[in-house]
Amino acid sequence: MSQSGAEAAAFFRDVHRSGVVRLVRDDDGSPTHLSADGTRSLPFWSTSPRAQRAAKIWGPGLRVESMPLDTWCDGVLPDAARDGLVIGINWSGPRLVGWSLTPAEVSDRPAAAHGDRHTPHTRAWPSSG
């Protein structure tokens with residue numbers, strides 16, 4: 001299994017166990033990433049340490065927040081699907097690389113945690129100005 005695949009599997013295992021997902025945000029909201037193919041990703045992490053590493057990589061002013069899994073599944077995922085967003089799963093490493101899955105794939109946890117059909121995305125914080 002690839003590193004991104006292992007991170008995705010860890011995401012689903014961790015959030016199932018804890019009942020919580022983590023996001024990185026600032027006072028203006030959560031960052032999204034626009035990939036080369038025009039798909040916008042909204043990233044989430046399964047543990048606070050993973051999300052804290054991402055916040056440090058992206059820069060000052062970002063903080064980690066927790067969200068109950070039920071809120072995420074019942075609110076965020078349907079909103080993301082409606083808005084045409086995909087969900088970044090446990091992006092990691094110095095360039096924050098990982099899988100981005102459709103909200104439907106995330107809702108179908110066993111299928112989303114396995115397989116090679118998912119496209120890895122690289123997250124680069126957008127430049128300001």
Side-chain angles (χ1 to χ4, degrees):
M1 180 181 294
S2 69
Q3 180 64 33
S4 295
E7 292 291 344
F11 178 88
F12 292 108
R13 182 185 62 246
D14 293 345
V15 299
H16 176 73
R17 194 175 2 209
S18 71
V20 176
V21 297
R22 278 74 176 189
L23 60 145
V24 172
R25 61 169 294 138
D26 61 16
D27 292 338
D28 295 323
S30 296
T32 61
H33 167 67
L34 185 62
S35 68
D37 70 1
T39 304
R40 189 163 297 276
S41 297
L42 181 60
F44 292 89
W45 290 266
S46 61
T47 65
S48 289
R50 290 175 192 273
Q52 288 167 353
R53 283 190 294 273
K56 284 182 182 180
I57 290 169
W58 284 337
L62 296 171
R63 64 185 176 274
V64 174
E65 292 189 2
S66 297
M67 177 184 301
L69 184 57
D70 290 344
T71 300
W72 190 64
C73 290
D74 296 339
V76 173
L77 293 180
D79 288 349
R82 183 193 68 236
D83 295 342
L85 299 172
V86 294
I87 306 298
I89 302 295
N90 272 357
W91 289 350
S92 64
R95 295 192 56 208
L96 295 175
V97 174
W99 281 353
S100 289
L101 309 173
T102 68
E105 289 172 318
V106 172
S107 294
D108 183 19
R109 287 185 287 272
H114 302 290
D116 296 337
R117 69 183 189 284
H118 309 294
T119 303
H121 291 268
T122 301
R123 170 62 164 102
W125 191 258
S127 59
S128 58

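Bear in mind that the values here come from a model prediction, so they are computed numbers and not experimental data. Residue numbers run from 1 in the order of the sequence given.
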Distance-minimising heavy-atom pair for Ala81 and Pro103: N-CG, 3.6 Å
Interatomic spacing from OG in Ser100 to CH2 in Trp91 - rounded to 0.5 Å: 4.0 Å
Ser46 backbone acceptor or donor facing Asn90 side chain under 3.5 Å: yes
Smallest separation among heavy atoms of Glu105 and Thr102, with atom names: OE1-N, 2.8 Å
CA sep, side-chain torsions, deciding dist, call: Val106, Trp72, side-chain contact (heavy atoms from CB on, under 4.5 Å): CA-CA 11 Å; Val106 172; Trp72 190 64; 3.3 Å; yes
Minimum heavy-atom distance Pro31-Leu42, with the two atoms named: O-CD1, 3.6 Å
Heavy-atom check, side chain of Gln52 versus side chain of Leu62, under 4.5 Å: no
Gap separating the CH2 atom of Trp58 from the CG atom of Asp26, nearest 0.5 angstrom: 11.0 Å
Rounded distance [0.5 Å steps], CD in Glu65 versus CG in Leu23: 5.5 Å
Stepwise side chain to side chain donor-acceptor pair (under 3.5 Å) test for Thr47 and Asp14: CA-CA 7 Å; Thr47 65; Asp14 293 345; 5.2 Å; no
side-chain contact (heavy atoms from CB on, under 4.5 Å) between Leu77 and Ser107, intermediate numbers included: CA-CA 8 Å; Leu77 293 180; Ser107 294; 3.9 Å; yes
Residues Phe44, Val76; criterion side-chain contact (heavy atoms from CB on, under 4.5 Å); working and verdict: CA-CA 11 Å; Phe44 292 89; Val76 173; 3.7 Å; yes
Atom pair CD1/CG of Ile57 and Leu96 - distance to nearest 0.5 Å: 4.0 Å
Minimum heavy-atom distance Pro78-Cys73, with the two atoms named: CD-O, 3.2 Å
Single-linkage hydrophobic cluster Trp99~Phe12, side-chain heavy atoms < 4.5 angstrom: yes
Non-hydrogen atoms of Ile89 and Ala8 that approach each other most closely: CG2-CA, 3.7 Å
ILVMFWY cluster, Val20 and Val24 together (side-chain gap under 4.5 Å): no
Considering all heavy atoms, the nearest Arg22-Ser66 contact: NE-OG, 3.6 Å
